[in-house]
Amino acid sequence: MNIEIQGSLSNTTVQSAAMRRYYRLHAIIYDATRWSFLWGRNQVLKQIPIEKTANATFLEIGCGTGRNLDQLANQFPSAQLFGIDVSRDMLEKAAKTLIQNQHRVQLLETAYPSELPTTPQVILCSYALTMFNPGWEAAIEQAWKDLPVGGYIAIVDFHDTPFKWMERWMGFNHVRMDGHLLPFAATRFSAVHQSVHKAYFGWWRYFIYVGQKTVA
Ligand SMILES: C[S@@+](CC[C@H](N)C(=O)[O-])C[C@H]1O[C@@H](n2cnc3c(N)ncnc32)[C@H](O)[C@@H]1O
């Protein structure tokens, strides 16, 4: 038995259609390969300033195979968890990963921005926003609107690389990697945590950002 995936994908865009195609194949090898370069995913979760016992609602935009939602389920045993993704293939993996927590997990097949079923206290974006091309600004703006005052956005993603060939290779894989996300997120939210780290001695850098919505 799996978690039922909800949603109808009525809001397909050129970007989300490209993602669906890309992850049709990559969903198969995703968990076996991505641990080696999606650095900082555990660290960003540790920076979320919510009580372990809180009844909070978490939403992950671009939840993929459910790896982070699974960690969140362990970290916050009373939390409600929502995952949105445009790729059915990725969500089917997530539905299997999260089966033990099915009573408090909802998975939605939709392209963000889209209408949410609930108001989350935390929106997590883990290695998703660098793939929103176009659309990363609109997604951050929408996350700000979707959060209540006092809510948090938590982002971990690629930051930049000194190597042009790496930037081109990542672009070929739908990832924009030129330091564009962090400054923009920082204009919308009040930083609770912000750090930039080297991966493989500087091959590329990734960032962790947790920001709070402090005004309506
Ligand atoms: C690199 S994966 C990250 C998956 C997961 N967050 C993780 O950290 O392992 C990016 C995910 O974002 C999803 N995605 C891309 N554009 C999206 C959009 N507009 N709306 C919802 N999900 C999207 C992709 O389908 C993919 O599953």
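As the structure lists them, so they are numbered: ligands from 1, and atoms in each ligand from 1. Note that this is a predicted model, so its numbers are computed, not measured.
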| query | Nearest heavy atom to atom 3 (C) of ligand 1: which of Trp136, Tyr30, Tyr112 does it belong to? | reply |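 Ranked by closest heavy atom to atom 3 (C) of ligand 1, first place is Tyr30.
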message = Among all protein heavy atoms in this structure, tell me which lies nearest to atom 16 (N) of ligand 1, with the distance rounded to 0.1 Å.
response =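 Its nearest protein heavy-atom neighbour is Gln15 NE2, 2.9 Å.
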| Protein heavy atom at shortest distance from atom 5 (C) of ligand 1 |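 It is Gly62 O, 3.4 Å.
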For ligand 1, does [X] get within less than 4.0 Å through its side chain, its backbone, both, or neither, judged by non-hydrogen atoms?
| X | value |
| --- | --- |
| Arg67 | neither |
| Glu60 | side chain |
| Cys63 | backbone |
| Thr110 | backbone |

Salt bridge check: are Arg88 and Glu92 linked by an N-O gap of less than 4.0 Å?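 Between Glu92 and Arg88 there is a salt bridge, with a charged N closer than 4.0 Å to a carboxylate O.
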* To do: Answer with yes or no whether Asn68 contacts ligand 1, where contact means a heavy atom under 4.0 Å from a ligand atom.
  =>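 Yes; Asn68 lies near enough to ligand 1 that a heavy-atom distance drops under 4.0 Å.
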> Purely on distance, is any nitrogen or oxygen of Asp85 under 3.5 Å from one on ligand 1?
Replying inline: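 Yes - when backbone and side-chain N and O of Asp85 are compared with those of ligand 1, one distance drops under 3.5 Å.
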>> Would you say the ring centers of Trp204 and His159 fall short of 6.0 Å from each other?
In response: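 When the ring centroids of Trp204 and His159 are compared, they turn out to be at least 6.0 Å apart.
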Strictly by modelled atom types, are Asp31 and Thr65 linked by a side-chain donor-acceptor pair under 3.5 Å?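 There is such a pair (donor and acceptor under 3.5 Å, judged by atom type) between the side chains of Asp31 and Thr65.
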